[in-house]
Every structure is written in C-alpha cells, then in structure tokens.
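Per chain, numbering begins at 1; letters A, B, ... match sequence-line order. Worth knowing before you read on, the calculation uses all heavy atoms, side chains too, and leaves out hydrogens, waters and symmetry mates.
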Amino acid sequence: MRISTLFGRTLRQAPAEAELASHNLILRAALARPLSAGIYSYLPLGWRVIRKIEAIMRDEMDRIGGQEMHMPVLNPAEHWKETGRYFAIGPELIRIKDRAEREYVLAMTHEEIITDLARRELRSYRQLPFMVYQIQTKIRDEARPRGGLIRMREFLMKDAYSFHEDQQALDEYYPSVYQAYRNIFARSGLRVIDVEADPGMMGGTGSHEFMMLSDSGEDTLVICSQCGYAANVEAARANKKDRVGEHQRLEALKPLEGVATPGVKTIQQLTEFFTLPAQDFLKTVLYMACGELVAVAIRGDLEVNEAKLARALQCSDLRLASDEEIARAGTVVGFASPVGLKNVRVVLDDSVDGDAFIAGANKPDTHLRDVHYPRDFAADAVADIALAQAGQTCLQCGNDIEMRRGIEVGHTFKLGYKYSEAMGAKFLNPEGKEVIVIMGCYGIGLDRLLAAIIEQNHDDKGIIWPKSVAPFAVHLAALGVEDAEVSGVAEKLYLDLMSRGCEVLYDDRDETAGVKFNDADLIGIPLRVTVSRRTLDKGSVELKQRTSRDFHLVKLDQAIEAITQECTA
RNA sequence: CGGGGUGUAGCGCAGUUGGUUAGCGCGCAUGGUUUGGGACCAUGAGGUCCCCAGUUCGAGUCUGGGCACCCCGACCA
C-alpha cells in the first residue's frame, strides 16, 4: 500500500476528546473515526488489524472444533421474549418495529438465535458435542460509551456457543476453550489474567473473564499474589476479618437498649458519636428487588456487593429503595435495621454473627444497643453479600489480597440449561429419552482487544504493534523521492517485496524525513526500512525495529532476503 | 439517569462591556527554496460561529428551549 493513496490521514494533534492512550492513537494513526457516541468507522489501516485479529481467532476456534457461521443482527422480539430477556434487560437492548408494527430487537448477543437453531437441528446425542462461532456486529445501547473503542454501542464480537450432552461433558470441554482463549491473547501480543466472574445477565453456573490489567480499567479485580486467586470484585470472596474489641458474645446477653442519636445517620457519623469501630455497627440498606422491598443487613465496615445480592435473591432487577418506599416499610434512612421490621424480606451477610451490634431503631434519631442475631431479628437468608475490600485476606491462603483495575477483553460462561430449557432445545440420548442440551458460551470483543493491545504496546511516539496483528509487516520509507535513484530503488524494493507476499506500507510521499519517521513511529509497523541518498551512497538500505532505537544497514543485494525474513518471521 | 465540562475552518484554540469584513497555529492548494526526526518564503482556498426561538438599531457574544460530544458516577456482557 502506498501512503500517498492510503485513505485516512494521520493527525499531528489528536482531537481533544481522546483521553486514553489507545483512543488517542487510534485517531492519530488513522485506524478509525467516530461516527457517533460509541460508534466508529474503521479506516483501512485499522481494518487490517481487525482482520489480523480475526484470523488468529478463526485459527484457534477451528483448532478446538469450532465451526464458523453467521447470525442476523435484526432479531424478532419473540425469541427474546421466549427466554424472558426481552423483559429482564433494560434499555440497552434496542427494541424497534418494522413497517408492519412487528417487534424486533437489535441483537446484543446471540444465545436466543443459536438456541433456536439448535432446537431445530438437534435431534440425537450423536450430533453432540458441537461448537459454532461467528464474528459479528453487536448492538448495545450503552448508558455511557467511553474510552474510544473500549466501550462501544456497536461493536465486533467473536461469540461462540457449545452444546453438550450433560454437565460433565461441558465441564470437560470448557478447559479447551479456556486454552484457546489464552492462545488468542498470547498470539495477539496481549498479556491478560483470567479471573472468576459474575455471570450477570447471561446466567449460568460458572464464568471466567480475561482481563488486561490497567489503571484505566472499568472493572475492579481482587488478586492474591500468593496463591494466584483472582476474581472480579463482583464475584470475589474474601476473608472478612473477625471483629476485635469489647463487644459481648450472645452468651452474655444484655437487653436491647435505645439510645438517642440525633442526626447521626451514617456509619462514619456513628463511629464518631460512639467512638467505636465501624464493625460494631449493623448497616441496613433497603433495596427494591423485582418489585419487592428487601432489607440487607451487613457489618458496618463492609459494603454490599450488589452482584452477589442479586444472585442471592435470584433477581437482576435491583436498585436502592426510594425514601417513600422506605417510609412505607415503616422505617427511615439512616436509622433502619431488621429489628422489628414487618413484611420485609431480610437478607443478612454472613459476617453478622451472635455478637452485639449497634443498629437502627427504625425511627428517627434513635439507635439500639446490644442487638443480637438471631435473638432480636430473623433473617430470610444468610449469605455472603459483602464486597471484597483491600486489607482483607485471601480465603484460600490467608495472604493479603490486592485490588487492581482491569479491562475485560473476553468472557467464558458455562451457561447451563438457561436458554436450552426456556426454548426447548432437546435431543434423544442413547436410551431414547428426550433430554435438554447443556450450553456454554464464549465471547471476545475485537474492537476492545485492538484498543487493549495499543494500551499495552505504545510509547510516547505511537503504537508498537506486535508482529502478529500489525497492519503491515514493513514500513518502507523513501527519503528524498525527487532523487530518481532513491525512488527507483524504493519502488523496486516495494514491488519485489510485494511479489514475495510481504505486506508493505510504502511511504512514497514527497515529505521530509522528520514527517516520515514520525508517521512511521505513530503507525507502529514492526520493521522500518529506509531508502535515502545517504544509504544508497553506501550501497545499502537501513533497517530498524519499532521496538528498538538501533538500526543497521543492509547491502542492496541482500536487502530483499533480509527483509523477507523479518516479514515472515 | 445524576453531576461536571465543551460546541467558532479538517485538527488544536482565541474572540474584550453586544459594534464594521470573525481571527491565530497546524493541516490543505499553488509556486519557489529545502531534504535523516514533524523545514522556510510567498500566494490562496476553506466558516449555517451546534440548532431553534427571543431581546436589540445591531448577537459568535445576552435570554429561553433543544441537540451533540467528552469526563466522573449509577447501570451493564
């Protein structure tokens, strides 16, 4: 490709909107251009990178028996109603109508469609297992697109779906996808860690996320450097340290005692008022969960993990209750507690044991001393619903846990029977009995992966592409193109390399050396080859790796060979 | 959805108490001089000042409404 005719110009200054390094470089290096919030067009340079990433994915998915296919973005709403997701998912699922007022959705993922296909095609256990995948556009009306290609409303995803006879067969297959994913990221030049994850709206029995560690990541991760435990904070379990102090055990009961606490509402204020540590208080948070008011009680030094709570309640429609809803339940914000609350489900974090706590009295400006569970209130459920925090220890090895930020680039799920059951995807087992098929699903965001690779591979001059995904293998720069010998040698080199199957970006423009070198550094192709008066006087061309500051001369008659070797290495 | 910010040439920005023909840098075009790390000179093209309504003799500037984009949070695979 000749830069003189390449569609898309590099920018000296990035648009002010770009804050992330990847966002900035994607714009400056002319990889992509914004169309609307979270919606981008790829320019030729960026699209070549996507194609490279796709090729790696196809190779790895095919290797574990995947079959590539393709499913529509425009889906009848009916399928999404069958699984209930039409109602369970909020406005990020775009719902539209056609000319005949028929309801459609724009697919944000394809479980419904593949499961519909599976129930039509699948008859016998002999057809199992199978895995199909596609590389497709997904549409999600994100509340807040951000970070350039990191969080988009229209994005590219490689999604894969596997079907198995039973849980055991799924469990046996799952690690091969995990390994394929590790291979994809390794081959793309991205260092990732995998963490235990919350399946969220996808449902299912187990899931892992592949995370690139980055301070600008949206996800918080809990990591134990000792034993390797790693989890998204949404799913993370950690050792809630035992309480220390004067609080009495249940054996030494004191009666409940009311205390006037005018205006003392937060745990922070309570610790100051009583001069006691936060863990001596019982914090009660009221939620509306699927239309029902729920009181969630947890030790004062801990925070509620809403993902865990949603799972404990088996309800994904979770939000904090409004003041009116709380008043209707007969309590008041800042002074709530499960003690004496009527007609409200109580979920208790397992950190709350038989010790004495100070809790709200469900009336203004009053707290209760010596609240004991289960003496003074009942819980409908006791579960781990606490958010893991820095300072806590690892449940597996006792080491201190670490909190890091990460960008999610891939996610694998054991879906279980959620979709196959809802849509009736069944087969006949060897005994001739009809059974429901079990599923797994696996996704990687291509745009986000591209952005993540740049986040991890750049310097102050520009992108440093790993060879495997670089848009071209060689950046050929001719300095001083009005010199007939320079342009002649460069032209010939360009054509010869091309004929050898080497992908060359040829800077044939009439620009100064500085402009060409800076563009080469910005675009970030692994090998730079320079032809100039200076190199020709030595009968040579100059080779330089993007990763290095050093360069060396290669004689003209050996240049093709040397460069081709780099190309294909 | 809540909070904050920004909309003026392709990009980055300036534009005074409302006052003539809206500027600067980069980029772009043409010509010339240059040529190993974002050259220089000259000439030139390029603007619904986000949109609508209003106030005013007069609006980029003031008022009201709307829209778009960015950042933080909430939400989310």
* Can you tell me the Watson-Crick or wobble partner of B/G31, both distances under 3.5 angstrom? -> B/C41
* Asked: Between B/A74, B/C76, B/G38, which nucleotide gets closest to the side-chain atoms of A/Glu142?
  -> B/C76
* Asked: Quick one: which of B/G73, B/G12, B/G37 gets closest to the side chain of A/Pro15?
  -> B/G12
* Of the candidate nucleotides B/G12, B/A39, B/G36, which contains the atom at the shortest distance from the side chain of A/Phe517? -> B/G36
* Structure fact -> As its Watson-Crick or G-U partner within any shown strand, both distances under 3.5 Å, B/G10 has B/C26
* So, for A/Phe210 and A/Tyr178, is the gap between ring centers shorter than 6.0 Å? -> yes
* Quick one: which of B/G25, B/G37, B/C69 gets closest to the side chain of A/Lys461? -> B/G37
* To do: Describe the nucleic acid contact of A/Leu479 in one word from base, sugar-phosphate, nothing, applying a heavy-atom distance below 4.0 Å.
  => base
* NA contact type, A/Asp483, heavy-atom cut-off 4.0 Å: base, sugar-phosphate, or nothing? -> nothing
* To do: Tell me what A/Arg28 touches on the nucleic acid: a base, only sugar-phosphate, or nothing, going by heavy atoms under 4.0 Å.
  => base
* Structure fact -> Of the listed B/G37, B/C69, B/U35, the closest approach to the A/Thr512 side chain comes from B/U35
* Please check if the side chain of A/Arg448 supplies one atom and the backbone of A/Glu408 the other of a donor-acceptor pair under 3.5 Å. => yes
* To do: Indicate, with a heavy-atom threshold strictly under 4.0 Å, whether A/Gly410 touches base, sugar-phosphate, or nothing.
  => nothing
* Asked: Is A/Arg12 near enough to B/G27 that one of its side-chain N or O atoms lies under 4.0 angstrom from OP1 or OP2?
  -> yes
* Watson-Crick/G-U partner (both atom distances under 3.5 Å) of B/U16 -> none
* Asked: Are A/Arg528 and A/Phe517 in a cation-pi contact, defined as NZ or CZ under 6.0 Å from the six-membered ring centre and within 45° of the axis?
  -> yes
* A/Asp459 and A/Arg546 ion-paired at < 4.0 Å -> yes
* Asked: A/Arg448 near the nucleic acid: base, sugar-phosphate alone, or nothing, with a heavy-atom cut-off under 4.0 Å?
  -> base
* To do: Using the C1' atom on both, measure B/U56 against B/A14 and round to a whole Å.
  => 26 Å
* A/Arg144, nearest nucleotide to its side chain (from B/C69, B/G38, B/C71) -> B/C71
* Asked: Going by modelled atom types, is there a donor-acceptor pair between the base of B/G36 and the side chain of A/Glu542 at under 3.5 Å?
  -> yes
* Which is true for A/Ala16 with a 4.0 Å heavy-atom rule: it touches a base, it touches only sugar-phosphate, or it touches nothing? -> sugar-phosphate
* Under 4.0 Å between any heavy atoms, over every strand shown, what does A/Tyr442 touch: base, sugar-phosphate, or nothing? Just pick one. => nothing
* To do: Name the nucleic acid region contacted by A/Glu234, choosing base, sugar-phosphate or nothing; use a 4.0 angstrom heavy-atom cut-off, strictly under.
  => nothing
* Structure fact -> Of the candidates B/G12, B/C69, B/C28, the side chain of A/Arg9 sits closest to B/C28
* **RNA chain B: 5'-proximal contact among A/Ile150 and A/Glu19 (nearest heavy atom)** => A/Glu19
* To do: Take the angle between the ring planes of A/Phe185 and A/Tyr181 and call it parallel below 30°, perpendicular above 60°, tilted in between.
  => perpendicular
* Would you mind classifying the nucleic acid contact of A/Thr535 as base, sugar-phosphate or nothing, using non-hydrogen atoms under 4.0 angstrom? => base
* To do: Name the nucleic acid region contacted by A/Ala18, choosing base, sugar-phosphate or nothing; use a 4.0 angstrom heavy-atom cut-off, strictly under.
  => nothing
* Picking from B/G36, B/G27, B/G37, which would you name as closest to the side chain of A/Ala513? -> B/G36
* Do A/Val105 and A/Ile96 touch side chain to side chain, with heavy atoms closer than 4.5 Å? -> no
* Asked: Parallel under 30°, tilted from 30 to 60°, perpendicular over 60°: which one fits the rings of A/His208 and A/Tyr174?
  -> tilted
* Please give the nucleotide sitting opposite B/C1 as a Watson-Crick or G-U wobble pair, both distances under 3.5 Å, or none. => B/G73
* Asked: Which nucleotide in the set B/G37, B/C11, B/C71 lies at the smallest distance from any side-chain heavy atom of A/Arg528?
  -> B/G37
* Asked: Reckon A/Glu408 touches a base, only the sugar-phosphate, or nothing at all at heavy-atom distances under 4.0 Å?
  -> sugar-phosphate
* **Candidate nucleotides B/G12, B/G38, B/C71, ranked by approach to the side chain of A/Gln13 - the nearest** => B/G12
